[in-house]
Trainee: 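I have a structure I would like to understand better, so I am pasting it below and will then ask my questions one at a time.
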Amino acid sequence: MPVIAIDGPAAAGKGTLSRRIAENYGFHHLDTGLTYRACAKALLDAGLPLDDERQAAEMALKVDLSGLDRSVLSAHAIGEAASKIAVMPSVRSALVEAQRAFSKRAPGAVLDGRDIGTVVCPDAAVKLYVTASAEVRAKRRFDEIVAGGGEAEFEAVLADVIKRDERDMNRADSPLKPADDAHLIDTTEMGIEAAFQAAKRLIDAVL
Ligand code: CDP
Ligand code: CDP
């Protein structure tokens, strides 16, 4: 079954692009960030520490892919906790196994995250690495918070995006980086429709 792998840093537009692609081709979509978030939320809810790898891995084995809902996993604290447990190899291996099983679904699947093209689905039919400047990504996050009725300071959101990038790019296990055969889509000055059209041309050339 064809797999479309989409990786990149926070707020690059991976989720938006993945949903458009999945809809266009009638493929299943998995936002793998939600699997890390679900594991982190379960630990937080149970009052368990975020630095105990054995307990975190046990929780990771219980994550149910059919019950993932971004609206209950979107809290800032959950994202922070997710990026902390995402450095743990045994947490990653448990979640990656579930993600790989998902990627085999017919008639095809779109997975987005940080390590899809490099680790989860190295044989994906098409690999896209979506990125944008940290300032533009922070502005998108900031706008989302404000649109949702929340309050935020742009400088704080930017600092947070940069901190998350550093943690994701510098961890030893499965760091965020483009696969050798990934196509780069820089959305710094690109709207959602233009990014989709660029992706569609690349996918149509292969499928
Ligand atoms: O908040 P944001 O949308 O940027 O992140 P997310 O996609 O919800 O993922 C939350 C965290 O999970 C990321 O910061 C990564 O540390 C981790 N993650 C990962 O390590 N590998 C993936 N394939 C997806 C997410
Ligand atoms: O999944 P990821 O964290 O990479 O990003 P996203 O949730 O798809 O996009 C973050 C925000 O940026 C959303 O509000 C999108 O509507 C917006 N966006 C944009 O303004 N221009 C793009 N080319 C892509 C996304």
Side-chain angles (χ1 to χ4, degrees), residues 5-22 29-41 50 56 60 63 65 68-89 91-100 102-103 110-121 124 127-148 157 160-177 179 185-199:
I6 303 187
D7 292 304
K14 304 179 299 294
T16 310
L17 183 61
S18 302
R19 283 188 290 275
R20 284 286 308 266
I21 293 171
H29 170 228
L30 178 64
D31 173 349
T32 62
L34 294 183
T35 66
Y36 291 89
R37 283 174 177 266
C39 180
K41 182 173 188 295
L50 295 173
V63 169
L65 264 52
L68 301 172
D69 178 355
R70 184 158 279 274
S71 66
V72 299
L73 297 170
S74 66
H76 178 256
I78 298 177
E80 266 295 299
S83 87
K84 284 184 187 150
I85 58 156
V87 305
M88 298 172 173
V91 168
R92 300 201 71 86
S93 62
L95 295 177
V96 165
E97 193 176 314
Q99 293 161 12
R100 281 199 186 121
F102 184 98
S103 75
V110 184
L111 281 79
D112 76 286
R114 303 291 193 285
D115 60 341
I116 310 303
T118 51
V119 175
V120 181
C121 301
K127 300 179 185 177
L128 306 176
Y129 189 85
V130 186
T131 188
S133 73
E135 286 73 17
V136 163
R137 290 185 288 116
K139 178 72 168 65
R140 290 175 185 164
R141 268 290 140 80
F142 175 81
D143 289 346
E144 276 180 339
I145 296 168
V146 173
V157 177
D160 199 60
V161 161
I162 292 170
K163 189 173 73 184
R164 184 85 72 81
D165 287 357
E166 273 171 7
R167 203 182 280 146
D168 288 346
M169 289 172 181
N170 294 319
R171 66 178 173 231
D173 188 352
S174 316
L176 169 64
K177 62 171 181 200
I185 297 183
D186 187 332
T187 68
T188 304
E189 294 180 31
M190 205 188 255
I192 292 164
E193 181 59 28
F196 172 66
Q197 291 303 332

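Numbering of residues begins at 1 and proceeds along the displayed sequence. Read the numbers this way: they start at 1 and go in the same order the structure lists the ligands and their atoms.
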Trainee: Any N or O of Glu144 that comes nearer than 3.5 Å to an N or O of ligand 2?
Mentor: yes
Trainee: Is the shortest distance from a heavy atom of Ala12 to ligand 2 less than 4.0 Å?
Mentor: yes
Trainee: Okay, side chain of Arg20, backbone of Phe196: is any donor-acceptor separation there less than 3.5 Å?
Mentor: no
Trainee: Suppose I only count heavy atoms of Ala86 and a 4.0 Å limit; which atoms of ligand 1 are within that range?
Mentor: 16 (O), 17 (C), 20 (O)
Trainee: Should Lys14 be counted as touching ligand 2, given the test is an N or O pair under 3.5 Å?
Mentor: yes
Trainee: Nearest heavy atom to atom 20 (O) of ligand 1 wins, so pick from Arg92, Arg114, Gln99.
Mentor: Arg92
Trainee: Looking only at heavy atoms, is any part of Ala10 under 4.0 Å from ligand 1, and if so is it the side chain, the backbone, or both, or is it neither?
Mentor: both
Trainee: Report the nearest protein non-hydrogen atom to atom 17 (C) of ligand 2: residue, atom name, distance rounded to 0.1 Å.
Mentor: Arg140 CD, 3.8 Å
Trainee: Can Thr32 and Leu95 be said to form a side chain to side chain contact (heavy atoms under 4.5 Å, CB included), step by step?
Mentor: CA-CA 9 Å; Thr32 62; Leu95 295 177; over 6 Å; no
Trainee: Does Arg171 reach ligand 1 with a nitrogen or oxygen that is under 3.5 Å from one of the ligand's nitrogen or oxygen atoms?
Mentor: yes
Trainee: Any salt bridge between Arg19 and Asp31, counting N to O under 4.0 Å?
Mentor: no
Trainee: Out of Arg141, Lys163, Arg167, whose heavy atom is nearest to atom 3 (O) of ligand 1?
Mentor: Arg141
Trainee: How far is atom 15 (C) of ligand 1 from its nearest protein heavy atom, and which residue and atom name does that atom have?
Mentor: Asp168 OD1, 3.3 Å
Trainee: Contact between Ala11 and ligand 2, counting heavy atoms under 4.0 Å?
Mentor: yes
Trainee: Any idea which protein heavy atom is nearest atom 24 (C) of ligand 1, and the distance to it?
Mentor: Thr32 OG1, 3.5 Å
Trainee: What protein heavy atom sits nearest atom 8 (O) of ligand 1, and how far away is it?
Mentor: Arg37 NE, 2.6 Å
Trainee: Of the protein's non-hydrogen atoms, which lies at the shortest distance from atom 9 (O) of ligand 2, and what is that distance?
Mentor: Thr16 OG1, 3.6 Å
Trainee: Would you mind running through ligand 2 and noting each atom that sits below 4.0 Å from a heavy atom of Thr187?
Mentor: 23 (N)
Trainee: To the nearest 0.1 Å, how far is atom 1 (O) of ligand 2 from its closest protein heavy atom, and which atom is that?
Mentor: Gly15 N, 2.8 Å
Trainee: Is there a side chain to side chain contact (heavy atoms under 4.5 Å, CB included) between His76 and Asp160 once you walk through the steps?
Mentor: CA-CA 10 Å; His76 178 256; Asp160 199 60; 3.1 Å; yes
Trainee: Just by distance, do the side chain of Lys14 and the backbone of Pro9 share a donor-acceptor pair under 3.5 Å?
Mentor: yes
Trainee: In the structure I gave you, are the side-chain heavy atoms of Pro175 and Asn170 within less than 4.5 Å of one another anywhere?
Mentor: no
Trainee: Report the distance from atom CZ of Arg164 to atom CZ of Arg167, rounding to the nearest 0.5 Å.
Mentor: 7.5 Å
Trainee: What do the steps show when you test Arg141 against Glu144 for salt bridge (Lys or Arg N to Asp or Glu O under 4.0 Å), and what is the final call?
Mentor: CA-CA 5 Å; Arg141 268 290 140 80; Glu144 276 180 339; 3.4 Å; yes
Trainee: Which atoms of ligand 1 have any heavy atom of Gly113 under 4.0 Å away?
Mentor: 23 (N), 24 (C)
Trainee: Any N or O of Arg70 that comes nearer than 3.5 Å to an N or O of ligand 1?
Mentor: yes
Trainee: Would you say ligand 2 has an N or O under 3.5 Å from any N or O of Gly13?
Mentor: yes
Trainee: Indicate yes or no: at least one non-hydrogen side-chain atom of Thr187 is less than 4.5 angstrom from one of Val130.
Mentor: yes
Trainee: Please step through side chain to side chain contact (heavy atoms under 4.5 Å, CB included) for the pair Leu128 and Asp7, ending with a clear verdict.
Mentor: CA-CA 6 Å; Leu128 306 176; Asp7 292 304; over 6 Å; no
Trainee: Considering non-hydrogen atoms of the protein only, which is the closest contact for atom 16 (O) of ligand 2, and what is the distance?
Mentor: Ile192 CD1, 3.6 Å
Trainee: I want to check something: taking the side chain as every heavy atom from C-beta on, are Lys177 and Arg114 in contact at a cut-off of under 4.5 Å?
Mentor: no
Trainee: Looking only at N/O atoms, are Ser83 and ligand 1 under 3.5 Å apart anywhere?
Mentor: no
Trainee: Tell me, do Leu111 and Ile6 make a side-chain contact under 4.5 Å, heavy atoms counted?
Mentor: no
Trainee: Tell me, with the steps shown, if Arg140 and Thr16 meet side-chain hydrogen bond (donor to acceptor under 3.5 Å, both in side chains).
Mentor: CA-CA 12 Å; Arg140 290 175 185 164; Thr16 310; over 6 Å; no
Trainee: Counting only N and O atoms by type, is there a donor-acceptor contact under 3.5 Å from the side chain of Ser133 to the main-chain atoms of Val136?
Mentor: yes
Trainee: What protein heavy atom is closest to atom 12 (O) of ligand 1, reported as residue, atom name and distance in Å?
Mentor: Tyr36 CB, 3.6 Å
Trainee: Of all the non-hydrogen atoms in the protein, which one sits nearest to atom 23 (N) of ligand 2, and at what distance?
Mentor: Met190 O, 2.9 Å
Trainee: Where the closest heavy atom to atom 10 (C) of ligand 1 is concerned, which of Arg137, Lys84, Arg164 has it?
Mentor: Arg164
Trainee: Between Asp31 and ligand 1, is there a nitrogen or oxygen pair with a distance under 3.5 Å?
Mentor: no
Trainee: Taking side chain as C-beta onward, heavy atoms only, is Leu17 less than 4.5 Å from Val110?
Mentor: no
Trainee: Students should be able to answer this: which protein heavy-atom is nearest to atom 11 (C) of ligand 1, and at what distance?
Mentor: Ala82 CB, 4.0 Å
